[in-house]
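What follows is a short report on a single structure.
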Amino acid sequence: MKAISPRRFSVSNCRCLSSHAAARINHHPQIQCIPGPTNFTSHLHGDALISFIKSASGKPHLLEIHAHLIRKFLFEDAIFFSAFLFRVALPPLHDLAYACRLFSKFRKPDFFQYNIMIRAYGMSDSPGNGFQLYQEMLRSGVSPNSLTSSFVTNCCIKSGSFFGGLQIHARILRYGHQSDGRLLTTLMDFYSSKEKYSDACKVFDEMSHRDTIAWNVLISCYMRNRRTRDALRAFDIMQSSYDCQPDDVTCLLLLQACANLNALAFGEGVHRYCEEHGFDKAMNICNALITMYSRCGCIEKAFEVFKGMTEKDVVSWTAMISGLASNGYGRDAIEAFREMQNAGVSPDYQTFTGVLSACSHSGLLDEGRMVFNSMSKEFGIPPNIHHYGCVVDLMGRAGMVNEAYNLINSMKVRPDATIWRTLLGACRIHGQADLGEQVIEHLIELKAQEAGDYVLLLNIYSSHGDWDKVINVRKMMKDRGIQTNPACSTIEFRGEIHEFVANDFSHPRKTEIFEMLDEINQQLRIAGYVAETMSELHNVGVEEKQIALSYHSEKLAIAFGVLSTPPGTSIRVAKDLRICVDCHNFAKMLSAVYNREVVIRDRNRFHHFREGRCSCNDYW
DNA sequence: ATAGGGTTAG
């Protein structure tokens, strides 16, 4: 009622429906007319009625307006009806059932009223109906404007209807709506949601003017389609353009991209940009910064951001805890967990995932069990599959593979592929072939077996020297059409991301890189490095194995790092799969012989190599 | 008489 001018409405007039009438309305939601003495709407007409409808809040007011429109024979008056429908269909009320009844009663809806309904459907849990209504609109000869296209595109995004969206795109062109930048942004988002990256780009290219939001949609499209490097490039182009500048959303997206790519230098650039524009005060940006720095292996920087925050929420604490965990600071993570509680921030289920993973990464078996037991008892958070996964990992690494197997079988939730895979990894460490075979059976049952799973099983057999079984598994993989994807390692150099796969001959500086790798291999061998051949797949000669190992993607990336940076510079490599035993030894030795800090982030965690030692004591 | 687009962190 705040918005109503006191000149027109005295306070005493401003009362809602009588409780008697309200009770009846509750019983008869289809009610069309409310009899009885007129209330504060009675003398309203024209502009005053319009502004009253606009300021109406809550259903009782709208019902009263409904009654008023009927009483004054204004229900079929498009102006009042539109304003009324707008209030009913859209938030805050957003009563779609009521809006539908109104709409179906209205004799000849115009485009504006259709637009309201289509937009309302786009925000409801039945967005497909919006598309239906759009088609009905076309059938009844009402022409859509560019807003209609925008709302119905949104319906297609929400309902996931690809062909619907294509149809809309064709109509946009037919009706000449393509000059509307906002509409095209929505259209880009549609293609992006369908992972049609190149179509989204095509729309973007055809836009005559691109504002910050259009760029942000493009960047989020790049990220959804795993074209993270293009996302970084877009940031550079935006910064050098005159008409639009990156905003906080852009930075949020980019920090995520940097975290994925291990692009520390670029991430620092985004950090500076945030400082220059005052975004670094925002909680979400700070939390994203913490994640970016810790995913890039810079836990000190992450902590600096964390310390500088005036206010910290669960997300900040959890980001810090998970960052400490993945960087091998298990005890500090648990300490941070304690501090968080002292600071009066209560943990949620993701915090526990962080704490438990800290325990599993640092081999803190007792602490992990204690936390696991306390979470439902003390905090009322029942463990989910991720929590179980951490504990399975923890027990598995400690060699308690059978106990871990029993734990999985005792879970209330259905085990997923990831948890079986975790156990399979533990079987690999402890050479448990029998249990490994059982686990593979579970994965097959889930139809989730991947190349990596068979590789683990192969590793188990080959470490036993069980070559018959190795051949069997390889045959099985061939029969089932399972192919191994080559692992990929990335390294950042001067703000560019360089990508390597095993035996990769595509890099422009390939000759130098291979020469450098040979040189490194020789030097390391002098220092006592012996290539680890146990985990290789084939039953091939020792010579052959050593050759196959020497061109692993992480070694190529490291060689490139040694080649392109001055002595003493840290080498940071990200790998999409797990680092292998041999590359682990290689990096460890290199950190001593070449006196370089080497940081490798693999699929699971960080490995910090310094002076011939690694932050994780054992290889995994 | 007249509405719309991106990110929501771990």
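Excluded from the calculations below are hydrogen atoms, water molecules and symmetry mates; all remaining heavy atoms, backbone and side chain alike, are included. Every chain is numbered from 1, with letters handed out A, B, ... down the list of sequences.
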Legend entry - Residue pairs passing the ring pair (Phe, Tyr, Trp, His ring centres under 6.0 Å) test where at least one lies in residues 307-336 of chain A, sequence neighbours excluded: A:Phe306-A:Trp317
Inset, instruction - Any chance you could measure A:Asn260, atom CG, to A:Leu254, atom CG, to the nearest 0.5 Å? - result: 11.0 Å
Legend entry - Summary of protein contacts for nucleotides 1-7 of chain B, nucleotide by nucleotide, where a base hit scores B, a sugar-phosphate-only hit scores S (4.0 Å, heavy atoms): BBBBBBB
Inset, instruction - Could you pull out all residues at least two apart from A:Phe106 that satisfy ring pair (Phe, Tyr, Trp, His ring centres under 6.0 Å)? - result: A:Phe81
Inset, instruction - Report the distance from atom CE of A:Met340 to atom P of B:dG10, rounded to the nearest whole Å. - result: 15 Å
Inset, instruction - For the residue pair A:Tyr388 and A:Phe372, categorise the inter-ring angle as parallel (less than 30°), tilted (30 to 60°) or perpendicular (more than 60°). - result: perpendicular
Inset, instruction - Can you sort out the partners of A:Arg272 under salt bridge (Lys or Arg N to Asp or Glu O under 4.0 Å), two or more places apart, ordered by chain and number? - result: none
Inset, instruction - Mind checking A:Met188 for me? I need base, sugar-phosphate or nothing, with any heavy atom below 4.0 Å counting as a touch. - result: nothing
Inset, instruction - Give, ordered by number, those residues of residues 300-321 of chain A having at least one heavy-atom distance below 4.0 Å to an atom of DNA chain B; if nothing qualifies, reply none. - result: A:Val314, A:Val315, A:Thr318, A:Ala319
Inset, instruction - Look at the rings of A:Phe235 and A:Tyr273 and say which category their plane angle falls in: under 30° parallel, 30 to 60° tilted, over 60° perpendicular. - result: perpendicular
Inset, instruction - Looking only at non-hydrogen atoms, find the nearest pair between A:Gly368 and A:Leu394 and report the distance. - result: CA-CD2, 3.8 Å
Legend entry - Interface residues of residues 345-358 of chain A with DNA chain B (non-hydrogen, below 4.0 angstrom): A:Asp348, A:Gln350, A:Thr351
Inset, instruction - Give, for atom CD of A:Glu492 and atom SG of A:Cys296, the distance between the pair rounded to the nearest 0.5 Å. - result: 7.5 Å
Inset, instruction - Check whether the side chains of A:Thr351 and A:Asp348 place a donor and an acceptor atom closer than 3.5 Å, and report yes or no. - result: yes
Inset, instruction - Would you kindly say whether A:Ser149 and A:His177 are connected by a side-chain donor-acceptor distance under 3.5 Å? - result: yes
